Amino acid sequence: MIMKSSELRQSFLEYFAGQQHQVVDSSSLIPGNDPTLLFTNAGMVQFKDVFLGQEQRPYTRATTSQRCVRAGGKHNDLENVGYTARHHTFFEMLGNFSFGDYFKEEAIGYAWEFLTGILKLPKEKLLVTVYAEDDEAYDLWANKIGIPADRIIRIGDNKGARYASDNFWQMGDTGPCGPCTEVFYDHGEHIWGGPPGSPEEDGDRFIEIWNVVFMQFNRSADGSMAPLPKPSVDTGMGLERIAAILQGVHSNYEIDLFQNLIQAAAKAVGTDDLSAQSLRVIADHIRSCSFMITDGIVPSNEGRGYVLRRIIRRAIRHGHKLGQKEAFFNQLIGALCLEMGEAYPELVKLKGRIQSILLKEEEQFAKTLEQGMRILDEAIGSMEDGAKTIAGDVVFKLYDTYGFPADLTNDVARERGLEIDESGFELAMEKQRKRARSASQFTMDMSNVIDASETEFTGYSNLVDDCIIESILVNGVKVDKVEEGESAIIVLKQTPFYGESGGQVGDKGWLRGNGAFSVTNTTKQGKTHLHHGVLREGMMAVGETLTAAVDTSQRSATSLNHSATHLLHEALRRIVGDHVHQKGSLCDSERLRFDFSHFEGVTAVELEQVEDMVNEQIRLNHEVLTEVMDIESAKEKGAMALFGEKYDSDVRVLTMGADYSIELCGGTHVKRTGDIGLLKIVSESGIAAGVRRIEAVTGKAAFDSVRSTELTLQKIASLVKGNSDNVLEKITSLSEQTRALQKEVDQLKSKIAAQAGADMASQAIEIVGGKLLVSQVEVNDPKDLRDMLDQLKSKLESAVILLASVNDGKVSLIAGVTKDLTNKVKAGDLIKMVAPIVDGRGGGRPDMAQAGGNNPDKLSEALEAAVAWVSERV
């Protein structure tokens with residue numbers, strides 16, 4: 001009996017659970033606090049700190065089925081998906097781990113027992129590799145397990161350095177490392193390829209199915225190896241690879257899991273050719289995309305979100321290649337849930353969200369896919385005979401104008417035996433980056449006129465300081481002095497004024513010495529602070545000592561909002577999802593504005609929960625701690641850095657609450673969260689695809705907002721003769737009364753229209769086969785016009801009717817033809833003839849059509865023309 005993929009997964013976990021291993025759930029595809037990895041790409045990632053001795057777990061043995069993605073960064077299999085039998089963007093890694101518990105003998109024994117005892121793989125089909133110097137592993141395989149010597153292969157250092165071997169594993173340039181042993185399956189002589197270590201090892205005959213790593217050394221920066229006090233074991237076996245062997249197929253795409261997804265994909269795109277290579281791509285990509293979204297990644301133009309967008313677009317393009325021009329990719333989530341939902345219930349829980357995000361991406365990309373493919377086809381068609389490379393500027397145009405990632409263009413090129421000019425594309429990309437950097441310089445470039453010295457900022461602790469004028473600029477020109485009434489920029493050697501950066505506005509205040517200079521804004525040019533303002537009295541000169549005093553009320557209110565932004569960011573991540581990342585902010589003395597990544601509007605319930613969480617942190621009155629440390633220490637502490645921000649080697653880490661918010665930030669902040677007083681969310685809205693904005697107020701502004709709402713409520717209560725306790729009840733009652741009255745009005749209008757229709761019916765003239773009624777009527781609502789038409793059609797039974805009304809200088813036209821006359825006169829044709837006469841346009845069905853017009857002075861002429869036109873046709 002063939003073992004299903006789901007049964008294999010369960011069998012593996014149950015076997016190791018029986019060997020006293022803790023079954024640990026798969027971790028997220030987003031590595032926890034590990035900036036070195038784009039995605040979780042192996043089973044050991046979630047245990048990295050355990051292996052390093054930086055984390056303790058309540059168990060020393062573990063087993064997992066870890067979901068992994070290799071589609072970006074160092075490990076990227078995206079371009080090979082669909083072209084090979086075993087490459088995937090998403091796969092499951094079965095693994096067992098020992099943290100200083102058992103070692104080589106037990107690990108090898110477990111591997112052999114599971115493969116040959118539980119899975120019943122033929123022993124003669126298996127061969128193993130060991131590191132050339134690992135005699136212990138060799139002896140265990142040969143003497144304990146009993147594998148013949150000709151099926152144990154020693155793999156040495158073949159990459160030009162000691163320990164540079166496929167069978168010597170290293171976590172990094174330094175740290176835990178050690179030899180590994182790998183188990184290979186022989187698919188048979190009928191498939192080309194040689195054993196590991198041979199010139200033909202890249203063939204498909206011998207396939208690695210299990211890797212067992214023995215972490216027994218700690219490698220120092222000088223290359224020396226010291227034995228670890230507690231050697232550990234890290235193993236990995238690809239679920240899809242071993243399933244292919246157990247199910248007697250050569251390609252991973254032929255296993256049960258993929259076959260069901262391929263059939264669902266074929267149905268979705270409308271093809272009967274189940275061997276189509278594109279179906280493999282689509283089946284692979286629905287897995288990676290769905291699990292990425294499950295773990296909080298949303299499509300965007302950066303980082304993990306961009307990888308997700310690339311994979312979605314690649315799947316859509318392959319559906320397009322098979323002839324499907326409509327949205328289809330999102331439909332496959334149902335089939336995926338049937339295959340993997342039992343093992344990963346979170347997939348089923350978030351099915352609706354996944355489908356919604358995929359559909360939105362499909363709809364957006366569909367608008368440009370066809371045009372982009374046309375541009376690419378034209379470019380390929382215009383290439384000279386024999387040319388094999390698509391120009392870099394074409395690749396860039398497709399990326400920049402049509403949203404085609406370069407790897408998508410490369411995918412198309414590969415199918416047609418071509419390649420892309422990657423260096424030309426990168427050159428065009430760099431030119432665009434330079435243009436973007438240039439365009440982003442909104443402030444005047446003062447680098448040629450301002451001294452290069454760095455301004456010392458003293459404003460974290462002082463709001464008043466004695467300072468020396470280093471330089472003065474008037475109209476962009478460096479001068480020695482500034483006189484009364486002149487606008488200028490003053491640079492000080494040190495300053496308590498915060499320069500606008502990090503989303504926080506610059507300080508305002510006064511510089512007082514021989515004169516009084518009103519600072520209206522403070523900005524930064526590099527690390528130099530620029531004090532913008534006007535000299536209100538006296539005169540100031542370079543070299544003068546003065547007193548710089550920051551506007552304390554403005555600084556204090558701004559700091560409240562800035563600190564609240566940090567609390568808000570963390571609350572959004574906890575309530576809405578950890579895919580939330582800051583996309584921009586603005587904190588001034590009046591309010592805060594926070595932009596963040598999210599694929600849909602934040603619900604009213606979520607906003608309430610976010611607001612509650614922030615205010616709870618305010619009430620807890622945490623001390624706000626700031627520490628200066630090197631960037632690596634900050635990352636180890638868990639500090640969140642903002643994407644796109646550049647940080648110095650030493651950074652300022654802001655902590656609010658021991659385990660609440662830790663971020664890198666150079667802004668000014670409150671001393672305790674309680675100083676914020678209160679946060680009140682004012683609005684939430686979308687500002688771009690996948691980007692939302694929250695505006696909020698704090699402190700006195702928040703109190704004023706609540707009071708304003710309360711006063712408004714009181715006024716409403718007074719208007720409805722109630723109070724704040726029963727105002728909702730009063731308004732509900734009034735609303736119900738209004739609806740009842742409106743219903744009575746509508747009924748009366750219908751009666752009036754019916755009577756008017758009865759009166760108008762007598763005005764109809766006889767035509768061949770029925771009657772013709774053309775008339776101007778007095779109605780205010782287009783609905784009343786339609787009701788009147790229906791009444792007349794019913795009363796006249798066989799007729800052509802045209803009604804017109806004029807309101808606010810606009811003409812409304814409606815035509816109706818009973819079905820027995822539509823073979824002679826069509827309402828849509830009648831409207832198309834009449835509407836232009838009153839400067840309008842319109843159309844509709846043969847039995848009913850409508851139009852509007854802008855020239856009521858021509859209405860009489862239009863109605864006369866209608867009578868003549870209908871008479872000619874009947």
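This chain uses plain numbering: 1 for the first residue, then up along the sequence. As the structure is a computational prediction, the values presented were derived from the model and not from experiment.
- Using bins of under 30°, 30° to 60° and over 60° for the plane-to-plane angle, the ring pair Phe217/Phe168 lands in the parallel bin.
- Looking at heavy atoms from C-beta onward, Ser11 lies in side-chain contact with Ile118 at the 4.5 angstrom threshold.
- Nearest heavy-atom pair across Leu29 and Met292 is CD1-N, 3.8 Å.
- Here Tyr59 pairs with Arg57 under the side chain to side chain donor-acceptor pair (under 3.5 Å) rule; sequence neighbours left out.
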Pair Met237-Leu115, side-chain contact (heavy atoms from CB on, under 4.5 Å): steps then yes or no = CA-CA 11 Å; Met237 177 167 62; Leu115 290 173; 4.1 Å; yes

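- The backbone N or O of Ala268 sits less than 3.5 Å from a side-chain atom of Gln324, completing a donor-acceptor pair.
- A 6.0 Å sphere centred on CG of Asp150 holds more than 12 heavy atoms belonging to other residues, nucleotides or ligands.
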Chi angles and distances behind the side chain to side chain donor-acceptor pair (under 3.5 Å) call for Ser5, Asp256 = CA-CA 7 Å; Ser5 301; Asp256 62 322; 2.6 Å; yes

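- To the nearest 0.5 angstrom, Ser220 atom OG is 9.0 Å from Met225 atom CE.
- Between the CD1 atom in Ile333 and the CD1 atom in Ile293 there is a gap of 8.0 Å [rounded to 0.5 Å].
- In this structure, Phe91 and Leu239 have side chains that are not in contact, with every pair of non-hydrogen atoms separated by 4.5 Å or more.
- With His21 as the partner, the ring-ring contact (aromatic ring centres under 6.0 Å, His included) test is satisfied by one option alone out of Tyr102, Phe97, Tyr15: Tyr102.
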Any chance you could lay out the side-chain contact (heavy atoms from CB on, under 4.5 Å) test for Ser232 and Phe214, step after step, and finish with the verdict?
-> CA-CA 6 Å; Ser232 300; Phe214 307 121; over 6 Å; no

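- Look at Asp134 and Lys104 and you find a salt bridge, because one of the NZ, NE, NH1 or NH2 atoms lies within 4.0 Å of a carboxylate O, short of that distance.
- Contact of the Asn218 side chain with the Pro176 side chain is registered, since non-hydrogen atoms from C-beta on lie closer than 4.5 Å.
- The side-chain tip of Arg154 points at the ring of Tyr138 from less than 6.0 angstrom away and within 45° of straight on.
- The aromatic rings of Phe16 and Phe114 sit tilted, their planes meeting at an angle between 30° and 60°.
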Take Arg70 and His87 through the test side-chain contact (heavy atoms from CB on, under 4.5 Å) and record every step on the way to the result.
-> CA-CA 9 Å; Arg70 291 185 179 175; His87 279 101; over 6 Å; no

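- For the atom pair Gln277 CD and Leu322 CG, the distance stands at 10.5 Å (nearest 0.5 Å).
- In this structure the side chain of Thr235 reaches within 4.5 angstrom of the side chain of Trp210, judged on heavy atoms.
- Taking every heavy atom of both residues into account, Leu274 and Ala266 meet most closely at CD2-CB, 3.5 Å.
- Just one of Glu339, Glu92, Arg67 meets the side-chain hydrogen bond (donor to acceptor under 3.5 Å, both in side chains) condition when paired with Tyr344; it is Glu92.
- Here the side chains of Pro196 and Phe184 are in contact, with some heavy-atom distance below 4.5 Å.
- Heavy atoms of other residues, nucleotides or ligands lying less than 6.0 angstrom from NZ of Lys4 number 12 at most.
- The line from CD1 of Ile297 to OG1 of Thr294 is 10.0 Å long, rounded to the nearest 0.5 Å.
- The main-chain N or O of Leu38 is found under 3.5 Å from a side-chain atom of Arg304 such that the two form a donor-acceptor pair.
- Salt-bridge formation is not detected for the pair Lys230/Asp101: no Lys NZ or Arg NE/NH1/NH2 atom is positioned less than 4.0 Å from an Asp or Glu carboxylate oxygen.
- Classification of Arg9 and Glu14 as a salt-bridged pair fails, no side-chain N sitting under 4.0 Å from a carboxylate O.
- Looking at Ile30 and Thr40, their side chains never come closer than 4.5 Å, going by heavy atoms from C-beta outward.
- No side-chain heavy atom of Glu240 sits under 4.5 Å from any side-chain heavy atom of Leu257.
- In this structure, Tyr399 and Phe425 have perpendicular ring planes: the angle between them is above 60°, well past the 30° mark.
- Side-chain atoms of Ser382 come within 3.5 Å of backbone atoms of Ala379 as a donor-acceptor pair (strictly under, hydrogens ignored).
- Around atom CG of Asp25, no more than 12 heavy atoms belonging to other residues, nucleotides or ligands sit under 6.0 Å away.
- Applying the 6.0 Å contact sphere to CD of Glu189 captures no more than 12 heavy atoms from other residues, nucleotides or ligands.
- Between Phe258 and Tyr253, the ring-plane angle classifies as tilted under the 30° and 60° cut-offs.
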Where do Asp157 and Tyr131 land on the side-chain contact (heavy atoms from CB on, under 4.5 Å) test, with the steps shown first?
-> CA-CA 9 Å; Asp157 301 325; Tyr131 182 54; 2.9 Å; yes

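- Under the rule for a side-chain contact (heavy atoms from CB on, under 4.5 Å), the partners of Glu200 that lie at least two apart in sequence or sit in another chain are Trp192, Ser198.
- In this structure a side-chain-to-backbone donor-acceptor pair under 3.5 Å is present from His285 to Val281.
- For the atom pair CG (Leu13) and CG (Asn96), the distance works out to 10.5 Å, reported to the nearest 0.5 Å.
- Shown here for Leu246 and Leu119, the closest heavy-atom pair between the two residues is CD2-O, 3.8 Å.
- Panel note: side chain Gln247, backbone Met3; a donor-acceptor pair is recorded below 3.5 Å.
- Qualifying salt bridge (charged side-chain N to carboxylate O under 4.0 Å, His left out) partners for Asp204, counting only residues two or more places apart in sequence or in other chains: Arg86.
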Passes side chain to side chain donor-acceptor pair (under 3.5 Å), Thr271 versus Asp273? Steps please.
-> CA-CA 6 Å; Thr271 181; Asp273 182 11; 5.5 Å; no

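- Side-chain contact between Arg151 and Leu126 is absent, with no heavy atoms from C-beta onward closer than 4.5 Å.
- Smallest separation of non-hydrogen atoms from Ala265 and Ile282: CB-CG2, 3.9 Å.
- Checked by atom type and distance alone, the side chain of Arg287 never pairs as donor or acceptor with a backbone atom of Leu336 at under 3.5 Å.
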Are Arg314 and Asp284 close enough, and set up right, to give a salt bridge (Lys or Arg N to Asp or Glu O under 4.0 Å), and what steps lead you there?
-> CA-CA 11 Å; Arg314 191 170 188 263; Asp284 170 271; over 6 Å; no

Applying ring-ring contact (aromatic ring centres under 6.0 Å, His included), run through Phe90 and Phe291 and close with a yes or a no.
-> CA-CA 9 Å; Phe90 174 93; Phe291 277 100; 4.7 Å; yes

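- Not a single donor-acceptor pair under 3.5 Å links the side chain of Asp186 to the backbone N or O of Lys125.
- Contact check on Glu133 versus Arg162 returns a salt bridge, with a Lys/Arg side-chain nitrogen under 4.0 Å from an Asp/Glu carboxylate oxygen.
- Interatomic distance, CZ of Phe99 versus CD of Gln22, reported as 10.5 Å (0.5 Å rounding).
- Heavy atoms only, all atoms of each residue included: Gly95 and Thr63 are closest at O-OG1, 2.9 Å.
- Taking each heavy atom of Ala244 and Asn252 in turn, the nearest pair found is CB-OD1, 3.8 Å.
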